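Working notes, structure below.
Whatever order the structure lists them in is the order used to number ligands and atoms, beginning at 1. In this text, all values refer to a predicted model and were calculated from it rather than measured experimentally.
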Amino acid sequence: MPEGSKMKKPDVKVVLLGDMNVGKTSLLHRYTERKFKDTVSTVGGAFFLKQWGPYNISIWDTAGREQFHGLGSMYCRGASAVILTYDVTNWQSLAELEERFLSLTDTANQDCIYAIVGNKADLTDPKAQLSHDSIGVSEDQTQCEEEMTEPQILSACPTPPASPESLSGLILHKQVAHEDAVAFYGRILRYKGLEDKSSLPPEKMCFETSAKTGYNVDALFETLFDLVLPSILRKRNENQESPTVDLEVCRGAGGRRARSTCC
Ligand SMILES: Nc1nc2c(ncn2[C@@H]2O[C@H](COP(=O)(O)OP(=O)(O)OP(=O)(O)O)[C@@H](O)[C@H]2O)c(=O)[nH]1
Ligand SMILES: [Mg+2]
């Protein structure tokens with residue numbers, strides 16, 4: 001970055017929370033790099049700066065591992081949107097959101113919005129298995145769409161095979177129904193005293209996604225960006241401050257690179 005250049009100051013903060021292994025990092029990779037690539041378990045947290053029209057949105061990826069639990073409330077501080085992420089093939093990952101993660105959001109903004117995201121839908125839902133990434137769709141993909149035979153539905157196996165990928169074409173038993181996510185969303189609104197937020201009904205705020213195929217990933221992020229715009233505009237009007245920060249000042253304070261800074 002050229003000397004003295006200004007890094008765009010984020011207008012708003014979106015945070016990904018959820019148990020380890022549910023696919024938070026993979027969702028971020030899918031959305032920002034249009035790729036499903038190997039990941040390692042996140043240490044601490046990292047953020048990505050997304051330009052959304054004239055606005056700058058920081059998307060924070062956090063660590064699901066228990067040992068980083070304490071950092072969650074720090075990452076949620078000042079958040080305008082929190083994506084509470086679970087794995088549709090793992091009931092416990094939804095339970096963890098309520099038991100371990102919901103309280104971390106107490107540091108988020110008063111008008112913060114909440115999305116409930118059931119990831120890995122490609123393992124349970126045939127329509128989520130097809131590539132949904134506009135860049136990634138190829139003609140043989142449409143071919144596959146026509147040939148798509150009814151995938152075999154696995155019975156509810158108590159110990160799903162170690163590597164779901166080896167089941168491509170097979171569908172794992174879904175452990176979390178959409179209704180469970182909707183019920184949890186209702187409990188979040190009550191916890192936050194937002195029951196009257198009819199503008200954000202569960203059908204709009206509960207998603208099932210696949211970071212692997214891209215299913216519903218753009219819809220998730222872009223729905224949230226549209227919904228946080230009013231809070232960006234309000235903040236800009238209130239602050240009337242420069243939408244940029246002088247990097248020299250940051251450097252003086254040992255400022256770190258803005259891209260994927262790990263705290
Ligand atoms: N089939 C399938 N696998 C996925 C999907 N998303 C993530 N995975 C796999 O799930 C494992 C964990 O993914 P991560 O993105 O690292 O999970 P995480 O929530 O960031 O985990 P922590 O960083 O430990 O909190 C990896 O093996 C991913 O390849 C998905 O949509 N479908
Ligand atoms: Mg991660």
Side-chain angles (χ1 to χ4, degrees), residues 14-48 58-76 82-97 99-102 104-105 115-133 136 151 153-154 157 160-176 178 181 206-221 259-263:
V14 176
V15 180
L16 283 151
L17 281 186
D19 203 1
M20 67 183 290
N21 217 36
V22 297
K24 301 179 295 298
T25 302
S26 299
L27 283 168
L28 191 54
H29 286 165
R30 168 57 71 185
Y31 182 64
T32 56
E33 300 174 39
R34 322 308 289 168
K35 283 186 200 133
F36 180 67
K37 60 188 195 179
D38 289 345
T39 59
V40 291
S41 191
T42 302
V43 173
F47 82 91
F48 182 92
S58 58
I59 310 172
W60 286 77
D61 182 20
T62 63
R65 271 186 289 172
E66 188 94 38
Q67 72 198 81
F68 297 108
H69 184 69
L71 295 174
S73 51
M74 179 187 75
Y75 288 120
C76 286
V82 174
I83 301 173
L84 292 159
T85 316
Y86 66 93
D87 171 347
V88 294
T89 67
N90 175 353
W91 169 260
Q92 187 54 33
S93 68
L94 179 74
E96 285 291 291
L97 286 180
E99 287 157 23
R100 194 153 63 93
F101 290 92
L102 181 54
L104 298 179
T105 67
I116 314 297
V117 176
N119 191 42
K120 306 195 185 183
D122 55 288
L123 296 176
T124 63
D125 181 346
K127 65 175 181 305
Q129 283 199 332
L130 300 174
S131 169
H132 287 71
D133 189 344
I153 304 289
L154 278 183
C157 43
S163 59
E165 276 59 43
S166 63
L167 294 169
S168 62
L170 290 176
I171 298 291
L172 281 179
H173 183 70
K174 187 172 184 176
Q175 291 196 3
V176 184
H178 185 63
C206 295
F207 297 78
E208 288 187 351
T209 61
S210 167
K212 182 170 185 178
T213 65
Y215 177 68
N216 265 350
V217 173
D218 288 353
L220 163 65
F221 284 101
R259 283 258 153 218
S260 53
T261 304
C262 287
C263 299

field: S26, any N or O under 3.5 Å of ligand 1 N or O
entry: yes

- request: Say whether D19 and ligand 1 are in contact under the criterion: heavy-atom distance to a ligand atom below 4.0 Å.
  value: yes

message: Please check whether K212 reaches ligand 1 - meaning an N/O of the residue sits under 3.5 Å from an N/O of the ligand, judged on distance alone.
response: yes

- line: One should read off an interatomic distance between L220 CG and I83 CD1, to the nearest 0.5 angstrom, of 4.5 Å

task: Before signing off on this row, confirm whether G64 and ligand 1 have an N or O atom pair separated by under 3.5 Å.
output: yes

task: Could you list the residues that satisfy side chain to side chain contact (heavy atoms under 4.5 Å, CB included) with T62, not counting sequence neighbours?
output: V15, L17, K24, Y75

field: ligand 1-proximal atoms of D122, by part, heavy-atom distance under 4.0 Å
entry: side chain

- prompt: Given T25, V43, T42, T39, which one has a non-hydrogen atom that is nearest to atom 16 (O) of ligand 1?
  reply: T39

query: Does an N or O anywhere in S41 fall below 3.5 Å from an N or O of ligand 1?
result: yes

M20: numbered ligand 1 atoms lying under 4.0 Å from its heavy atoms: 21 (O), 22 (P), 24 (O), 25 (O)

- prompt: Can you check whether H69 reaches L104 side chain to side chain, under 4.5 Å on heavy atoms?
  reply: yes

query: Do T25 and T42 have side-chain atoms, one donor and one acceptor, less than 3.5 Å apart?
result: yes

message: When you compare ligand 1 with G23, is there at least one nitrogen or oxygen pair between them that comes in under 3.5 angstrom?
response: yes

The Mg ion (ligand 2) - number of protein N/O/S atoms closer than 2.8 Å: 2

task: Measure the spacing between CZ of R100 and CG of D19 and express it to the nearest 0.5 Å.
output: 5.0 Å

query: Partners of D125 by side chain to side chain contact (heavy atoms under 4.5 Å, CB included), sequence neighbours excluded?
result: K127, A128, Y215

- prompt: Any N/O of A211 closer than 3.5 Å to an N/O of ligand 1?
  reply: yes

message: Main chain of A46, side chain of D61: is a donor-acceptor contact present, judged purely on distance under 3.5 Å?
response: no

message: So, 4.0 Å and heavy atoms of Y215: is ligand 1 close enough to count as a contact?
response: no

field: For E33, all residues meeting side chain to side chain contact (heavy atoms under 4.5 Å, CB included), sequence neighbours excluded
entry: H29, K35, K37

field: Within-shell test, G18 vs ligand 1, heavy atom, strictly < 4.0 Å
entry: no

